[in-house]
Amino acid sequence: LSDEAERSKIANLIGEHLGENNLYVAALNGIVGHHSGVPNGVRISEEYALKKSLIRCVVCTSTLAQGVNLPIKYLIVSSVYQSKQVIKVRDFHNLIGRTARAGKETEGTIILTEDVYKKSKEAYKLNNYKRLLDVDNSEECSSNLLKLVREVDLGENMSLRFDFLKEYINARYSNITEYDEYKKEILACKEQGKEYGEEIFSKMSEIEHILVSLENFILGFVDVEDESFDIIQSTYGYYLANEEEKEELKNIYNLIKSNIASLEVGDRLLYRKSMLGILKMKELSKFIDDNLYEIANSDFDTLINIIANQLKELEVCRIIPKFIDSSYVYELLKMWINGESYIQIWNYSKSVNLLVKWGKKSRDVSLEDIITLCDSDFGYASLTIIQAIIEVLNTKDCSENIQENLSDIIYRIRYGLPNKESVCVYELGFADRIISQKIANEIRTYDCCTKKKTKSAIINNREKLREVLVNYPSYFMDRLEKLR
């Protein structure tokens with residue numbers, strides 16, 4: 001059984017982050033949930049507790065079992081699906097190989113819970129398991145580059161013809177008006193609930209991501225005179241391609257290279273550093289040029305508003321594009337960087353009746369939406385925008401105060417923390433928004449402008465901080481004792 005005190009401590013931290021939801025109740029009963037929707041501090045607390053055998057049962061995505069060397073004795077597999085697709089054979093064997101790890105357990109048991117015998121119509125599930133259990137069925141290695149020169153697989157024996165993909169890519173680099181029309185049509189297919197609309201949108205978003213990655217890769221060689229096509233020829237994707245596909249890859253390379261060549265020499269370095277890709281960086285550079293005076297004279301709150309407005313246009317955001325009314329992004333972002341909890345941000349969202357798109361309809365925003373908004377859209381996607389703005393402003397005649405404000409925002413928005421002191425505490429290993437703010441509050445009278453000074457303040461207040469951490473997961477007390 002799970003340690004009673006530890007499960008209560010983990011539940012306590014969950015409650016402060018998310019309220020007394022299902023994760024909270026499960027933790028009180030000794031069963032912890034571990035997935036991307038669980039706050040970072042809770043996840044690392046659970047991993048620590050599992051390694052120390054303080055918690056005996058975890059319900060998780062395959063990512064935890066595959067990525068962390070935990071002492072798994074019983075692995076219960078409830079489904080062969082991973083992200084709506086059947087898990088790959090090699091990933092399945094990696095997963096089941098986590099039981100009875102050397103030095104952890106002498107034996108392990110894998111339990112497949114799906115009922116695949118009683119109903120004939122479930123026979124395909126049994127066949128899935130049989131295929132997965134045979135290591136000889138392991139998939140061949142591939143490359144994302146090849147997705148740019150082949151039909152787009154939509155599943156269920158459906159695909160988008162390559163001619164469409166080729167026209168789409170050509171428009172992206174040669175005819176921005178036509179490209180925008182393609183984008184509108186793809187989005188409309190999804191929002192109107194047309195057949196395979198969701199799949200088409202998802203796959204074309206993946207194509208966009210691959211193209212941006214390829215642009216950034218080529219930009220990395222911007223100072224190299226390379227007319228010999230060596231950059232692409234050196235890739236694994238090119239090695240795997242047939243002759244026709246190699247020619248198409250060369251055409252895509254030439255399209256991207258000609259777009260880069262059209263940039264001012266000084267701008268190429270900015271584009272390379274931004275990692276946003278050519279199109280987004282062009283939009284952002286134009287926005288900064290058109291609004292330079294406003295940006296250069298902005299106070300902290302105005303900069304937050306500018307970032308919020310840019311996030312509304314950023315395609316890699318997962319939740320913001322789904323908002324029916326995106327005017328609340330600014331307030332939500334302010335709450336996040338002021339250190340308010342997920343449950344507080346969710347309660348505000350409900351109070352203003354924030355809705356998200358749901359097929360052809362809409363629904364109330366969920367706590368899971370808020371977690372994704374904060375951790376992914378704010379804590380991850382926004383960083384590239386802010387860093388790109390900083391890089392562009394470095395080439396302009398702007399005050400150091402603006403640069404300092406933006407640098408401060410980067411750290412606060414990454415972790416969702418209200419000040420530099422709490423950021424320093426977080427980065428010293430107390431990687432939880434609740435915990436880092438409580439510790440920062442206890443040492444607020446000390447100079448904590450650097451991690452070194454913050455560390456010294458924590459060590460000098462170790463006894464007082466023990467009292468703060470006693471009701472929280474053991475990981476944080478262990479971190480406090482090990483700080484030297």
Item checked: Working for side chain to side chain donor-acceptor pair (under 3.5 Å), residues H17 and D432 -> CA-CA 10 Å; H17 277 293; D432 179 84; 2.7 Å; yes
Next item on the list: Could you please spell out the steps behind the side chain to side chain donor-acceptor pair (under 3.5 Å) verdict for T302 and N305?
Entry: CA-CA 5 Å; T302 304; N305 194 35; over 6 Å; no
Note to self: Could you go through R172 and E208, starting from their C-alpha distance and side-chain angles, then the distance that decides it, and tell me whether this counts as salt bridge (Lys or Arg N to Asp or Glu O under 4.0 Å)?
What the structure shows: CA-CA 10 Å; R172 190 180 201 277; E208 284 287 326; 3.0 Å; yes
Next item on the list: Take R444 and E421 through the salt bridge (Lys or Arg N to Asp or Glu O under 4.0 Å) test and state the conclusion after the steps.
Entry: CA-CA 8 Å; R444 62 186 179 279; E421 293 80 4; over 6 Å; no
Next item on the list: Apply side chain to side chain contact (heavy atoms under 4.5 Å, CB included) to the pair K357 and R363, showing each step before the final yes or no.
Entry: CA-CA 7 Å; K357 297 172 187 174; R363 60 169 174 78; over 6 Å; no
Notebook entry, point to check: Going through the distances and angles, do I306 and F287 end up as a side chain to side chain contact (heavy atoms under 4.5 Å, CB included)?
Noted result: CA-CA 10 Å; I306 289 171; F287 168 80; 3.8 Å; yes
Margin query: Let's go through K438 and N441 carefully: what are the C-alpha distance in whole Å and the side-chain angles of both, what is the deciding distance for side chain to side chain donor-acceptor pair (under 3.5 Å) to 0.1 Å, and is it a yes or a no?
Written below: CA-CA 5 Å; K438 286 183 177 293; N441 186 55; over 6 Å; no
Next item on the list: For the pair S79 and E114, evaluate side chain to side chain donor-acceptor pair (under 3.5 Å) and give the outcome as yes or no after the intermediate values.
Entry: CA-CA 7 Å; S79 170; E114 284 194 278; 4.7 Å; no
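With a 6.0 Å radius and a threshold of 12 heavy atoms from other residues, nucleotides or ligands, K420 has its NZ atom at or below the threshold. Within 6.0 Å of atom CZ in R414, more than 12 heavy atoms from other residues, nucleotides or ligands are found, so the atom counts as buried in its surroundings. Residue-environment remark: OH (Y74) stays at or below the threshold of 12 foreign heavy atoms within 6.0 Å. In this structure, K282 places its NZ atom where more than 12 heavy-atom neighbours from other residues, nucleotides or ligands lie under 6.0 Å away. Other residues, nucleotides and ligands place no more than 12 heavy atoms under 6.0 Å from the CD atom of E4. The environment of K312 atom NZ is dense: over 12 non-hydrogen atoms of other residues, nucleotides or ligands sit within 6.0 angstrom. No more than 12 heavy atoms of other residues, nucleotides or ligands shown are found within 6.0 angstrom of CG on N22. Dense packing is recorded around CZ of F162, with more than 12 heavy atoms of other residues, nucleotides or ligands lying under 6.0 Å away.
Counting only distance, with no hydrogens or angles, the side chain of S8 and the backbone of A5 share no donor-acceptor pair below 3.5 Å. When atom types are taken as modelled, the side chain of N338 and the backbone of P418 share no donor-acceptor pair closer than 3.5 angstrom. A donor-acceptor pair is defined here as one N or O able to donate and one able to accept, closer than 3.5 Å; no such pair exists between the side chain of S143 and the backbone of Y236. Side-chain N or O atoms of R484 include one that pairs as donor or acceptor with a backbone N or O of E481 at under 3.5 Å. Proximity of a side-chain donor or acceptor of N29 to a complementary backbone N or O of V25 within less than 3.5 Å is detected. Side-chain N or O atoms of D369 include one that pairs as donor or acceptor with a backbone N or O of S366 at under 3.5 Å. In this structure a side-chain-to-backbone donor-acceptor pair under 3.5 Å is present from S45 to G41. At distances below 3.5 Å, not a single donor-acceptor pair connects side-chain atoms of E16 with backbone N or O atoms of L13. Judged by distance alone, with hydrogens and angles left aside, the side-chain atoms of R412 form a donor-acceptor pair with the main-chain N or O of I337 at under 3.5 Å. With hydrogens and angles disregarded, no donor-acceptor distance shorter than 3.5 Å links the side chain of D153 to the backbone of S159.
A distance of 8.0 Å separates CD1 in I110 from CG in L95, rounded to the nearest 0.5 Å. In this structure, D180 CG and K183 NZ are separated by 8.5 Å, a value rounded to the nearest 0.5 Å. For the atom pair S202 OG and L154 CG, the distance stands at 9.5 Å (nearest 0.5 Å). For the atom pair I319 CD1 and T372 OG1, the distance stands at 5.0 Å (nearest 0.5 Å). To the nearest 0.5 angstrom, M281 atom CE is 8.0 Å from E391 atom CD. A distance of 7.5 Å separates CD1 of I200 from CD1 of I186, quoted to the nearest 0.5 Å.
Within the 4.5 Å cutoff, no side-chain heavy atoms of L145 are placed close to those of Y238. F323 has its side chain within reach of L354: a pair of non-hydrogen atoms, C-beta onward, lies under 4.5 Å apart. Side chains of L187 and F201 form a contact here, defined as non-hydrogen atoms less than 4.5 Å apart. Side-chain contact between L314 and I320: absent, with no pair of heavy atoms (C-beta onward) separated by less than 4.5 Å. Residues L211 and L148 meet the side-chain proximity criterion, which asks for heavy atoms closer than 4.5 Å. Contact annotation: the side chain of C424 never approaches that of T450 to less than 4.5 Å [non-hydrogen atoms, C-beta and beyond]. No side-chain heavy atom of I31 sits less than 4.5 Å from a side-chain heavy atom of V58. The shortest side-chain heavy-atom distance between T109 and L75 does not fall under the 4.5 Å cut-off.
Ring centroid separation for the pair Y179 and Y168 comes in under the 6.0 Å cut-off.
In summary, the side chains of N40 and Y426 do present a donor paired with an acceptor at a separation below 3.5 Å, with no hydrogens or angles considered. Side-chain contact check for K147 and N144: at least one donor-acceptor pair (N or O, by modelled atom type) lies under 3.5 Å.
Across S382 and I413, no two heavy atoms sit closer than the pair OG-CD1, 3.3 Å. Nearest heavy atom pair, residue S78 against residue T113, reads CA-OG1, 3.2 Å. Summarising the geometry of I55 relative to G30, their closest heavy-atom pair is CG2-O, 4.2 Å, with the distance given to 0.1 Å. Closest of all the heavy-atom pairs between M204 and L165 is CE-CD1, 4.0 Å. Considering every non-hydrogen atom in both L311 and A381, the closest pair reads CD2-C, 4.4 Å. Taking all atoms of both residues into account, the shortest heavy-atom contact from I232 to T235 is O-OG1, 2.7 Å.
A parallel orientation is assigned to the rings of F476 and F430, their planes being inclined by less than 30° (bins at 30° and 60°). In this structure, Y328 and Y348 have perpendicular ring planes: the angle between them is above 60°, well past the 30° mark.
With sequence neighbours excluded, the residues that form a ring pair (Phe, Tyr, Trp, His ring centres under 6.0 Å) with F164 are Y182.
Salt bridge absent: E313 and K280 never bring a charged side-chain N and a carboxylate O closer than 4.0 Å. Ion pairing of E139 with K88 is absent here, as no side-chain N (NZ or NE/NH1/NH2) approaches a carboxylate O to less than 4.0 Å. Salt bridge status for K482 with D478: present, with a side-chain N to carboxylate O gap under 4.0 Å.
Stacking of K334 on the aromatic ring of W336 is not recorded, the 6.0 Å distance cut-off and the 45° axial limit not both being met. A cation-pi contact links R433 to Y342, judged by a cut-off of 6.0 Å to the six-membered ring centre and 45° from its axis.
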